[in-house]
Amino acid sequence: MPHLLNGVLLDLIEHQRFGVEYQPIVKLKTNEVVAYEALSRFYDVTGKAIRPDLVYSSLHDNPLSLYQVEYAQKCLQLEHMPKNHQVFVNLDQDAFYACGGEVLDNPILGAIQQVGKGRVVVELIENSEINDALMSLSMIETFSNLGIGTALDDLCNPRSMLSVSVMQLVEWIKLDKHVLKMQDDKRYMVFVSKIIDFAHATGKSVILEGVETGQDLAFATLMGVDYVQGFLYREDFIRI
């Protein structure tokens, strides 16, 4: 993946050109907003948006900077989170462990705990390598012991692998928007339907991401997911 120019990245970090967008998570049966996902946003000196994946890809070359940005983002997301709703926050495994020291003393964990039990669900990015899965398992154990909910993000993304152990332990499963692109592939949808069956049989909730149209919503209903998220509900977005 391409990286940002060092000057752009350093300016972004130094001046904390950060933002957050809260995207609604909607209960399919009632069309009720039940939670929001907090998404990191970044800007250049002119105020133009910078793709978050480019920022994080560049930051992975410097673990300490990655941690600093992730911590600042989590503080911003938790400070402005919508009242009376749960908030889902993405947490990069590499960033979480980059600060070193005892896990229970991690400032990111402390910021989440201050919000209060039941208010935050931590989304773990679907794994691209086995080391990610091992870190995810350790993080899930830590969060579970502290009463913090967890979700597996981007499941069925074509660039990620499937960790059965991680999928077993989380409370929420988020299906990547790629599922919508593959809805006419019968073999692929057999696999997706079995994941949904597994989730429901083990007490997990399923969220389909990338829902943008009424057709997407009808497909989500047909699939039997519990919640949906996407630009169909853009009027409910909250931007900071």
Side-chain angles (χ1 to χ4, degrees), residues 22-39 78 81-82 84-93 96 103-104 109 112-113 115-127 130 132-157 160-180 182-183 188-211 216-230 233:
Y22 299 94
Q23 293 191 358
I25 295 172
V26 177
K27 189 172 185 178
L28 196 55
K29 288 185 177 180
T30 64
N31 204 39
E32 172 191 7
V33 175
V34 297
Y36 288 85
E37 179 182 355
L39 297 176
L78 297 173
M81 62 184 287
N84 304 319
H85 286 91
Q86 274 188 319
V87 65
F88 285 60
V89 296
N90 289 281
L91 186 52
D92 187 289
Q93 292 96 322
F96 184 73
V103 171
L104 294 180
L109 183 58
I112 293 172
Q113 285 183 287
V115 175
K117 287 187 176 182
R119 295 290 319 279
V120 177
V121 175
V122 175
E123 292 189 17
L124 304 170
I125 301 168
E126 174 56 324
N127 312 288
I130 188 63
D132 292 339
L134 295 175
M135 287 191 290
S136 293
L137 288 170
S138 178
M139 290 170 66
I140 292 170
E141 181 179 4
T142 298
F143 297 142
S144 178
N145 290 338
L146 296 172
I148 299 170
T150 53
L152 179 58
D153 194 21
D154 294 340
L155 190 61
C156 296
N157 184 300
S160 62
M161 71 178 194
L162 174 64
S163 170
V164 176
S165 296
V166 172
M167 188 169 67
Q168 285 180 312
L169 294 179
V170 296
E171 299 164 1
W172 300 76
I173 289 178
K174 301 191 75 176
L175 298 175
D176 188 79
K177 61 184 180 181
H178 183 70
V179 170
L180 289 163
M182 299 294 291
Q183 60 184 279
Y188 184 89
M189 293 313 303
V190 168
F191 172 71
V192 174
S193 67
K194 294 305 179 183
I195 287 179
I196 296 172
D197 289 344
F198 164 78
H200 290 161
T202 55
K204 307 178 194 303
S205 296
V206 181
I207 302 170
L208 175 63
E209 299 181 300
V211 173
D216 292 343
L217 191 63
F219 179 68
T221 301
L222 183 64
M223 289 173 59
V225 303
D226 306 292
Y227 302 89
V228 292
Q229 178 182 345
Y233 303 94

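Side chains are part of it too, since the values below use all heavy atoms of this structure and drop only hydrogens, waters and symmetry mates.
For the atom pair CG of L109 and CG of L146, the computed distance is 5.5 Å after rounding to the nearest 0.5 Å. Taken to the nearest 0.5 Å, the CG atom of L180 stands 4.5 Å off from the CG atom of D216. Expressed to the nearest 0.5 Å, how far CG of L222 lies from CG of L217 amounts to 11.5 Å. Atom OG of S160 sits about 6.5 Å away from atom CG of D154, to the nearest 0.5 Å. We find the CG-CE distance between L155 and M167 to be 6.5 Å, quoted to the nearest 0.5 Å. Taking CG of L152 as the start and CD1 of I173 as the end, the distance is 6.5 Å to the nearest 0.5 Å.
At a threshold of 4.5 Å between non-hydrogen side-chain atoms, the residues V89 and M81 do not count as touching. Residues N31 and Y233 have side chains in contact (heavy-atom distance under 4.5 Å, counting atoms from C-beta outward). Counting heavy atoms from C-beta on, the side chains of V192 and M182 never come closer than 4.5 Å. When side chains are defined from C-beta on, F96 counts as touching M139, because their heavy atoms get closer than 4.5 Å. Between I207 and V225, the closest side-chain pair of non-hydrogen atoms is not below 4.5 Å.
Annotation: salt bridge (charged side-chain N to carboxylate O under 4.0 Å, His left out) contacts involving residues 200-209, sequence neighbours excluded, comprise K174-E209. Within the structure, the side-chain hydrogen bond (donor to acceptor under 3.5 Å, both in side chains) test picks out the following pairs touching residues 217-228 (sequence neighbours left out): H200-D226.
Here the closest non-hydrogen pair linking A38 and V87 is CB-CG2, 3.9 Å. Across all their heavy atoms, T150 and L169 have their closest contact at OG1-O, 4.3 Å. Between C156 and D176, the shortest heavy-atom distance links the atoms C-CB, 4.2 Å.
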Take I196 and L175 through the side-chain contact (heavy atoms from CB on, under 4.5 Å) test and state the conclusion after the steps.
-> CA-CA 9 Å; I196 296 172; L175 298 175; 4.1 Å; yes
Could you give me the CA-CA distance, side-chain angles and deciding distance for F88 and D153, then say whether side-chain contact (heavy atoms from CB on, under 4.5 Å) is met?
-> CA-CA 10 Å; F88 285 60; D153 194 21; over 6 Å; no
Do Q93 and S136 pass the side-chain contact (heavy atoms from CB on, under 4.5 Å) test, and can you show the C-alpha distance, the side-chain angles, and the key distance before you say yes or no?
-> CA-CA 7 Å; Q93 292 96 322; S136 293; 2.7 Å; yes
Walk me through it: do F143 and L91 pass the test side-chain contact (heavy atoms from CB on, under 4.5 Å)?
-> CA-CA 12 Å; F143 297 142; L91 186 52; 3.7 Å; yes
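Of the candidates Q86, Q229, Q23, E37 forms a side chain to side chain donor-acceptor pair (under 3.5 Å) with just one, namely Q229.
Applying the ring-ring contact (aromatic ring centres under 6.0 Å, His included) rule to H85 yields the partners Y36; only residues at least two apart in sequence or on another chain are considered.
T142 contributes a side-chain N or O that, together with a main-chain N or O of S138, makes up a donor-acceptor pair within less than 3.5 Å. A distance-only check finds a donor-acceptor pair linking the side chain of S193 to the backbone of V190 [under 3.5 Å]. Using a distance-only test at 3.5 Å, with no hydrogens or angles considered, no donor-acceptor pair links the side chain of E171 to the main chain of S205.
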